[in-house]
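Each ligand, and each atom within it, is numbered from 1 in the order the structure gives. What you see is a predicted model; the values in this text were computed from it and never measured.
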Amino acid sequence: MSAVFTSVSGFPRIGANRELKKIIERYWKQDASLDEVREVAQSLRAKHWRLQAEAGIDLIPSNDFSYYDQMLDTAILLGAVPERYRKLNFEHAEDTLFAIARGYQGERGDVTALPMKKWFTTNYHYIVPEVENPEGLHLAGTKPFDEFLEARAQGLETKPVLIGPYTFLKLARTPEAQELEVTESVISALAFAYASIVKRFGELHATWLQFDEPYLALDKEEGDLELFEALYKPLLDARSAEVKLLLNTYFGNIADAYETVNNLGFDGVGVDLVEGKEENLAAIERYGVNEKTTLFAGVVNGRNIWRNDYAVSLGLVDALRKNVTDRVAVSTACSLLHVPFSTVGEDALGADVLQHFAFAVEKLQEIRDIANLAVKSDESRKSSNVLAKNQALFDGSRVKADSAVANRLANLKDSDFVRLPERAERQRLQKEALGLPDLPTTTIGSFPQTKDIRNARAALRKGEISREAYDEFMRNRIAKCIEHQEQIGLDVLVHGEFERNDMVEYFGQHLRGFKFTKNAWVQSYGTRCVKPPIVWSDVSRESAITVAWSAYAQSCTKHIVKGMLTGPVTILNWSWPREDITHEQQTQQLALAIRDEVLDLERAGIRVIQIDEAALREKLPLRRSDWHKKYLDWAIAAFRLVHSAVAVTTQIHTHMCYSEFNDIIRDIDAMDADVISFEASRGDLVVLDAIHDAHFETEAGPGVYDIHSPRVPGKAELVERIHEILRKMPAQKLWINPDCGLKTRGDAETWPSLENLVAAAKEVRAELSNNQQSNEQSGNPSGNLSNNLNRG
Ligand code: GLN
Ligand code: ZN
């Protein structure tokens with residue numbers, strides 16, 4: 001049998017201590033030079049390559065580095081830079097890249113950023129390429145070659161990684177935010193561009209090239225497989241004797257494409273044997289593996305931090321080698337971009353806890369171990385310490401179940417998942433009880449986390465200030481924030497979330513069952529990183545978490561203060577979930593804990609409660625047939641369980657940081673919230689058509705400006721946006737808000753933006769009531785405010 005070699009799909013690029021984030025943010029603040037940014041980037045690449053080489057990885061990725069996002073890099077590589085960014089005429093390519101990613105406002109012009117979307121089922125966001133001229137796509141850059149040669153200069157041969165043409169084509173959009181029209185000439189332009197890349201790497205004597213095609217894990221539309229073939233045939237033909245092509249897939253199964261892929265004769269095919277394992281294995285068994293192809297078995301999870309169970313992985317590799325092909329490589333299931341850097345330095349967790357975790361660096365060793373063990377006889381495996389030590393982690397003694405939690409769950413009744421009376425009735429009563437104007441204004445919850453706020457939290461953590469001093473400081477900030485919101489005239493106020501480092505970690509810290517790391521950061525978008533907590537054992541609430549802050553905020557004002565919670569699905573999706581019980585079970589445990597908090601807030605006089613489900617859509621299975629069975633059925637139920645017991649006049653809001661829920665719009669409505677706010681400022685408003693068509697009952701606040709960008713939207717621009725929205729939805733159901741929390745912004749842009757937002761809402765409100773008055777005078781019976789506005 002042939003040897004088993006090792007491969008990594010991609011490695012985290014932000015750095016062990018977020019060096020890349022820090023230097024880029026300093027650059028944005030003009031506190032570091034571009035040369036410094038480049039130097040840090042180069043040294044990170046060198047370090048990451050070296051680490052992988054030292055761990056014995058045979059195929060080390062290059063071009064997995066990015067200043068901001070690999071989709072954006074691909075768009076730039078293919079010449080898809082929209083005119084408005086090119087016209088800024090930056091001298092340095094990095095500045096153009098940052099302008100596309102974050103928008104730009106300055107002497108060169110004023111442009112918004114391209115939209116961002118979640119990368120499949122992860123919390124990583126990619127920039128959606130905008131392609132003005134699809135037929136003109138061509139090889140327009142050198143980044144993959146430069147980085148390949150950079151590694152070579154350090155004595156390392158790497159495997160360049162690119163987003164493949166199929167995924168690129170599927171994710172790219174026209175300037176009107178539509179899917180690209182796939183014509184012959186578009187296909188040939190794209191295939192030619194990629195073939196040129198293959199050729200060029202042939203000239204450079206690269207040995208392996210990896211094309212990532214996660215989009216293959218999605219349901220196929222008619223013609224998709226033909227498209228895939230048409231894109232890849234020219235690439236495969238462009239191979240020279242030396243260059244091998246690895247088609248890499250992940251985040252799910254490619255069962256419905258496997259036969260096509262297999263027939264094409266790639267040198268390597270990467271399949272995810274963590275997610276979509278059964279389906280992938282069945283397809284491989286059915287069609288076999290092309291004699292030209294090495295199967296890259298993705299057995300090391302790139303999406304969770306638990307140790308690999310070697311017995312399971314070896315079982316898979318053994319079975320493949322015995323029954324299907326002896327050309328097997330051991331690989332990550334997807335890029336390691338989605339896990340933190342290393343467990344080194346997390347000693348506070350204790351060795352007995354830490355031994356259960358493997359971050360990116362530790363996963364390199366796992367890949368090596370599995371490949372080493374794979375070629376050993378049963379005999380020598382039996383005497384292997386590595387294997388014995390690994391198996392001891394899975395002997396079932398890690399945690400004890402909490403019987404109180406189990407009892408509570410066992411006693412839930414169907415009625416615990418239903419809020420009464422029905423929503424239409426509630427909305428009517430709430431309008432009266434809360435006394436809000438039309439187009440009520442609010443924010444999503446957090447206000448800028450300025451340095452003094454972060455310092456105060458850190459000081460408390462380190463014991464440098466007393467609990468009393470900290471509480472005093474926070475109350476002060478809350479009072480100021482409330483006062484400021486009153487001044488600018490917002491309708492529903494928030495306390496500002498200053499006490500929260502993060503919307504998930506904060507709740508994790510106040511619930512039983514979680515563990516936390518010091519430095520386990522994962523890139524979310526651009527320079528933004530998150531540090532998910534770890535679900536370690538059964539979850540329950542010890543005591544009230546947010547009530548004192550919200551109640552204090554409410555005591556500062558006569559206006560309504562909105563309580564602010566994170567929902568159970570989001571807490572789980574933005575944590576590292578356990579692998580020994582199901583996600584459904586973990587979500588239910590969380591739902592009970594948050595339900596207790598909702599009821600405590602209500603008891604403390606909070607009349608509007610927002611339960612953020614920012615991550616609900618994220619884990620929607622890629623395959624439609626799995627949506628309900630494997631996810632929505634229990635995810636939506638968990639949300640309903642959280643709020644079903646509140647009084648009729650308590651208004652329940654939810655929030656989502658995206659608007660791609662057209663296809664699950666009924667499920668969103670079935671969460672049975674009274675109001676939902678969501679991101680809608682970047683990109684089109686097609687979701688509002690879906691809302692209309694579905695007779696969506698939930699009141700809605702489509703975000704009217706982009707908080708991911710530092711630019712301040714003017715009042716006129718906001719009025720225009722509100723008009724646009726009103727053309728698609730009735731004023732009675734519309735809320736006016738930014739598109740997400742303001743935590744990452746500065747005060748300097750936040751307050752003027754909100755002032756403009758309130759002014760815009762007031763202006764449109766006045767227009768609406770003028771229209772209504774004039775209609776009443778003219779005896780127009782149709783009282784629909786938005787209809788009137790449309791005509792006006
Ligand atoms: N309430 C949270 C905040 O405002 C919501 C954050 C989010 O949606 N990501 O920060
Ligand atoms: Zn959000």
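Scanning the protein for heavy atoms near atom 9 (N) of ligand 1, the closest one is Cys657 SG, 3.3 Å.
A perpendicular orientation is assigned to the rings of Trp28 and Phe98, their planes being inclined by more than 60° (bins at 30° and 60°). The aromatic rings of Trp634 and Tyr631 lie perpendicular to each other, with more than 60° between the two planes, well past the 30° mark. Under the 30°/60° scheme for interplanar angles, the aromatic rings of His653 and Trp735 are found to stand perpendicular.
The atoms of ligand 1 that sit less than 4.0 Å from any heavy atom of Gly445 are 4 (O). Below 4.0 Å from some heavy atom of Asp612 lie the following atoms of ligand 1, by number and element: 1 (N), 2 (C), 5 (C). Interface atoms of ligand 1 facing Met503, defined by a heavy-atom separation under 4.0 Å, are 5 (C), 6 (C), 7 (C), 9 (N). Every atom of ligand 1 is numbered from 1 in the order shown, and the set under 4.0 Å from a heavy atom of Gly741 is 3 (C), 4 (O), 10 (O). Near Ala614, the atoms of ligand 1 lying under 4.0 angstrom from a non-hydrogen atom of the residue are 8 (O). Under a 4.0 Å criterion applied to the non-hydrogen atoms of Cys740, ligand 1 contributes the atoms 7 (C), 8 (O), 9 (N).
Heavy atoms of Ser446 found under 4.0 angstrom from ligand 1 belong to the backbone as well as the side chain. Residue-level proximity to ligand 1 for Met656 is absent, since no heavy atom of it falls below 4.0 angstrom. For Lys743, no heavy-atom contact with ligand 1 is shorter than 4.0 Å.
Using a 4.5 Å heavy-atom threshold, the side chains of Asp69 and Met116 count as separate.
The ring pair (Phe, Tyr, Trp, His ring centres under 6.0 Å) test with Tyr126 singles out one residue from Tyr525, Phe120, Trp119, and that residue is Trp119.
Salt bridge absent: Asp502 and Lys531 never bring a charged side-chain N and a carboxylate O closer than 4.0 Å.
Considering CZ of Arg578 and NE2 of His583, their distance stands at 11.0 Å, rounded to 0.5 Å.
Donor-acceptor pairing under 3.5 Å is lacking for the side chains of Arg18 and Thr527.
On a distance-only criterion, Gln610 and ligand 1 share no N/O pair closer than 3.5 Å.
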